[in-house]
2 protein chains.
Amino acid sequence: MSRRRITLSDIAAGCGVSRATVSLVLRGSPLVAKSTRERVEAELKKQGYVYNRAAANLRRRTSSSVALVINDLSNPFFAEFAAGVDEALGAAGYVTLLGSTNESTERQQKVLASLMEHDPAGIILSPAEHSDGDRLMPVVGTRTPMLVFNRELPHAHWDFLVLDNRRGAQLATEHLLERGHRRIAFFGGHADSSSCRERRQGYAQAMRAAGIEVEPQWLVESAPTRLEAAAQTAALFVRDPAPTAAVCYNDAVALGLSLGLTARGRRPGHDFALTGFDDIPEAAASLPPLTTLSTGPRARGRQAAERILMRASQPDLEPMRMVAPVTLNVRASSGPERVA
Amino acid sequence: MSRRRITLSDIAAGCGVSRATVSLVLRGSPLVAKSTRERVEAELKKQGYVYNRAAANLRRRTSSSVALVINDLSNPFFAEFAAGVDEALGAAGYVTLLGSTNESTERQQKVLASLMEHDPAGIILSPAEHSDGDRLMPVVGTRTPMLVFNRELPHAHWDFLVLDNRRGAQLATEHLLERGHRRIAFFGGHADSSSCRERRQGYAQAMRAAGIEVEPQWLVESAPTRLEAAAQTAALFVRDPAPTAAVCYNDAVALGLSLGLTARGRRPGHDFALTGFDDIPEAAASLPPLTTLSTGPRARGRQAAERILMRASQPDLEPMRMVAPVTLNVRASSGPERVA
DNA sequence: TTCACGGATTGAAACGATCTAAAGTTGGCA
DNA sequence: TGCCAACTTTAGATCGTTTCAATCCGTGAA
C-alpha cells in the first residue's frame with residue numbers, strides 16, 4: 001500500500017549494508033560475500049524492490065530502449081512488423097517506445113521529437129507517406145542510429161530495410177506467363193509511391209523478357225484498398241482484347257479486384273488469373289485462395305531490431321541497405337496449371 | 001558529428017549563464033528576462049540541444065510513459081486499440097512503452113516486470129488468455145495503476161474496460177428475430193473464454209425473451225479463425241430442421257461460416273442469415289457485406305489511455321468497471337427486410 | 001608483535017535535470 | 001547618498017543508481 005518508491009537506500013538500511021553493496025548484489029558481482037548476498041536478496045524480496053532503470057541509465061550513460069515509429073498500425077503488415085520488433089528487442093532486454101503517425105508527416109515530426117527526449121538507443125522508422133529526409137535530419141540528429149523500413153528516402157547514413165518489390169512482381173509476372181497468359185495487367189497502387197514504382201518495374205522487366213509489349217491500358221491505378229480496387233475493375237475491360245490476368249499491387253487490391261470480377265460475372269482463378277502481394281492472413285482463406293508474395297513482416301521486424309541494436313553498440317558501422325527477399329506462394333487465384 | 005550528449009551545462013557555458021537559468025528558459029518561466037531568454041534560446045538551437053526527460057523525471061519523481069501490454073498485436077482489433085492508446089497518450093505528452101505477449105502468460109510476466117523497471121505512470125493490459133490475477137499482483141505492485149482491457153480478471157482494485165458483449169449479442173439476436181427467424185444458432189468461439197460466455201448469455205436472453213427454447217445443437221464451438229469456422233459449418237446441419245440463421249462469435253468466424261455455407265451451396269444473406277462481431281474492415285467489403293457489431297477499438301484505446309492518466313494523477317480514485325457500448329451495423333448478410 | 005596482502009565493504013562523486021533559498025541588480029524615492 | 005522593493009540570477013542539494021578509490025579486517029609470514 002506504500003506510495004513511496006523503494007530504493008537501494010531502503011534495502012541498504014533494511015539489512016545494515018551500504019547502497020554500494022546492494023548495487024553490487026543486484027548486478028551479481030563476484031565481489032560480495034555469499035552471506036551478505038543472501039541477506040540482501042532476502043531484503044530485496046521482502047520489501048518488493050523494483051529496479052529503476054532510468055536512474056541506472058542516467059548514471060551509466062546507456063539506454064535500454066529503442067523507438068519504433070509506425071505509419072499505420074492498423075495495417076496488419078505493420079502490426080506484424082511491430083510485433084517482430086518488440087519480440088527481438090524484448091529478448092535483448094530492451095523496451096520498445098512506440099509511436100504511431102497515422103501517415104501524417106506532421107505527427108511524425110512531433111512523435112520523433114518526443115521519443116528522442118527519452119534517449120532511445122536507436123530508432124526504427126516506417127515512414128509516413130511523403131516523408132522528407134531533410135526534415136527528419138534535425139530532429140533525429142547524428143547521435144542516434146536510425147533504420148528506415150519499407151520506403152526509400154533520399155538521405156544517406158541511415159540504415160534501410162526494404163522488400164525486394166521489383167523481384168517480387170517479377171516472380172508473379174513470370175508465374176502468370178508460365179501459366180500461358182500474355183495480356184497481363186498491373187493493377188492498383190499509386191504510381192508515385194516508391195513501392196508501386198518498383199513493383200511495376202519488376203512487372204515490366206518480366207514482360208520485356210518475354211518479348212511482350214505492355215499496353216498503356218494495362219496499367220491501372222487505384223488506392224490500395226479493397227473498395228477502391230473493386231471500383232476500378234471496369235478500367236481493365238475498356239478495350240478489346242482485354243487482359244486475361246493481373247499482377248496486383250497488394251493483397252487488398254487483389255481481393256478487391258476479385259470482388260469486382262465476381263460482380264461482373266467473371267470467376268477469378270477460372271476465367272481470370274490474379275496475384276497479390278503481402279500474404280495477409282485472409283489471402284489463404286479467401287475464395288479463391290490468393291496466389292501472392294510472402295514478405296515475412298514479423299521476421300523483418302526481428303531483423304530490423306537486431307540490426308539497430310548492433311549499430312547502437314558499434315556506432316561506427318557503415319550504414320547499410322538491406323533488401324529482404326520475398327517468396328511466391330502459389331494458390332488457386334492464378335488458375336490451373338496451364339491455360340491456353 | 002559529436003558523440004557526446006549536449007546538456008544544460010553546455011548551453012549554460014555557451015552563453016554565460018547558470019544551469020538554473022537555462023532550465024527556467026526551457027520551461028518558459030516568466031522569471032527570466034527577455035534578453036537572456038533570447039540568448040539562451042539561440043544557444044539551444046545552435047548546439048542542437050535535446051531535452052533529457054529521464055533525468056527530469058528522476059528529479060521530479062514523475063513519469064512520462066505508460067506501459068501498453070498487448071496479447072495479440074497481429075489482430076487488427078488490438079492493433080487499432082493500440083493505435084488509439086498511443087494517439088491519446090501522445091496528445092497528453094506521454095510516450096507508450098509497448099510490450100506484446102503473443103498470448104503467453106509467461107512472456108506476459110516477463111514483459112510486465114521489464115516495463116515496471118521503466119517506472120510507467122500506469123499500465124494498460126490486454127491480458128493473454130488464461131491470465132491469473134494472483135500472478136500479476138506481485139509484479140505490478142500497488143504503486144502503479146493498471147487498467148485491464150477486454151477480459152475480466154477475478155482481481156479487484158484495477159480498472160476494467162470491457163465491451164458490452166452480452167448486450168451486443170442480444171442486439172444481433174433480436175435483429176435476426178425481427179427478420180422472422182426462429183431457429184437461430186450461436187456459432188463459434190471457445191465456450192470457456194469470458195467474452196464467448198457473455199455473448200452466449202446475450203443470445204440466450206434474447207431467445208428466452210422471444211419464448212424460444214435454444215436447442216443444444218444450435219451451440220457450435222470453433223476456434224475464432226476463419227478456417228476453423230469454415231470447417232465447422234457442417235455441425236449446424238446435422239439435424240433437421242436446421243437453423244436458418246446464426247449469431248457468430250466474431251467477424252472472422254462469420255466470414256468463415258460464410259465461406260462454408262457457399263461451399264455447401266447456400267447463399268449467405270439469402271437462404272441463411274448471419275451476423276458477426278467487431279466490424280473489422282473487411283466486414284463491409286465481404287460478399288455479402290456483414291451485419292455486425294461495431295466496438296470502436298480505436299475509441300476504446302483512447303478511452304483507456306485517458307482513464308489511466310486520470311488515475312495516475314489522482315491515485316485515490318476508486319477503481320472502476322467500464323462497459324463500452326457496441327452498436328449494430330446492419331448490412332446484407334442478415335438478409336432482406338423480412339423473411340417468412 | 002608487526003606488516004603486507006587479499007577479499008569485502010563503503011564513502012562520495014558522478015549522470016542531467018529541478019527547485020529552494022539566497023544573492024545580485026535595478027531603479028525609485030526620500 | 002542611502003535604502004527598499006521588484007526583478008533576475010544562481011549556488012547547491014537532490015532524485016536513484018553506478019563506480020572509483022579508499023578503508024577495513026582477518027590472516028599468515030617475517
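Protein chains get the first letters and strands the later ones, always in sequence-line order, with residue 1 at the start of each.
Between R53(B) atom CZ and dC15(D) atom C1' the separation is 17 Å, expressed in whole Å. For the pair H118(A) NE2 and dC15(C) P, the interatomic distance rounds to 21 Å; values are reported in whole Å. As rounded to whole Å, 16 Å separates atom C1' of dC25(D) from atom CG of L31(A). Rounded to a whole Å, the CE atom of M116(B) is 15 Å from the P atom of dG16(D). Here dA14(C) presents its P atom at 17 Å from CG of L58(B), a figure rounded to the nearest Å. For the pair R37(A) CZ and dG7(C) C1', the interatomic distance rounds to 14 Å; values are reported in whole Å. Atom CG of N57(B) is separated from atom P of dT18(C) by 10 Å (rounded to the nearest Å). Following rounding to the nearest Å, N52(A) (CG) and dC15(C) (P) show an atom-to-atom distance of 18 Å.
In the set dG16(D), dT8(D), dT9(C), dT8(D) carries the atom at the smallest distance from any side-chain atom of A33(B). Of the candidates dG16(C), dT17(D), dT9(C), dT17(D) carries the atom nearest the Y49(A) side chain, counting heavy atoms from C-beta on.
Annotation for P127(A) and R151(A): closest pair O-NE, 3.1 Å, computed over non-hydrogen atoms. Across E152(B) and R321(B), no two heavy atoms sit closer than the pair OE2-NH2, 2.7 Å.
There is no side-chain donor-acceptor pair under 3.5 Å between N165(A) and S195(A). N150(B) and S126(B) are not linked by any side-chain donor-acceptor pair at a separation below 3.5 angstrom, with hydrogens and angles left out of the test. Between S64(B) and H118(A), the side chains place a donor N or O and an acceptor N or O closer than 3.5 Å (distance only, hydrogens not considered).
Remark: T36(B) is in phosphate contact with dT9(D), judged by side-chain N or O atoms under 4.0 Å from OP1 or OP2. Put simply, S18(A) has a side-chain N or O that comes within less than 4.0 Å of OP1 or OP2 on dT10(C).
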**Message:** Between D72(A) and S74(A), does the side-chain hydrogen bond (donor to acceptor under 3.5 Å, both in side chains) criterion hold? Intermediate values first, please.
**Reply:** CA-CA 6 Å; D72(A) 181 11; S74(A) 62; 2.8 Å; yes

Pairs under 3.5 angstrom, nitrogen or oxygen only, protein versus nucleotides 18-20 of chain D, please.
unit_1: dT18(D); atom_1: OP1; unit_2: R27(A); atom_2: NH2; d: 3.4
unit_1: dT18(D); atom_1: OP1; unit_2: Y51(A); atom_2: OH; d: 2.6
unit_1: dT18(D); atom_1: OP2; unit_2: S23(A); atom_2: OG; d: 2.5
unit_1: dT18(D); atom_1: OP2; unit_2: R27(A); atom_2: NH2; d: 3.1
unit_1: dT18(D); atom_1: O5'; unit_2: R27(A); atom_2: NH2; d: 3.4
unit_1: dT18(D); atom_1: O2; unit_2: R59(A); atom_2: NH1; d: 2.1
unit_1: dT19(D); atom_1: OP2; unit_2: R27(A); atom_2: NH1; d: 3.3

Taking only nitrogen or oxygen atoms into account, show me every contact under 3.5 Å that the protein makes with nucleotides 22-24 of chain C, one pair per line with its distance.
none

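Under the 3.5 Å distance criterion, the side-chain polar atoms of S63(B) are matched with a main-chain donor or acceptor of D119(B).
E87(A) has no carboxylate O lying under 4.0 Å from a charged side-chain N of R107(B), or vice versa, which leaves the two without a salt bridge.
The aromatic rings of F78(A) and F149(A) lie perpendicular to each other, with more than 60° between the two planes, well past the 30° mark.
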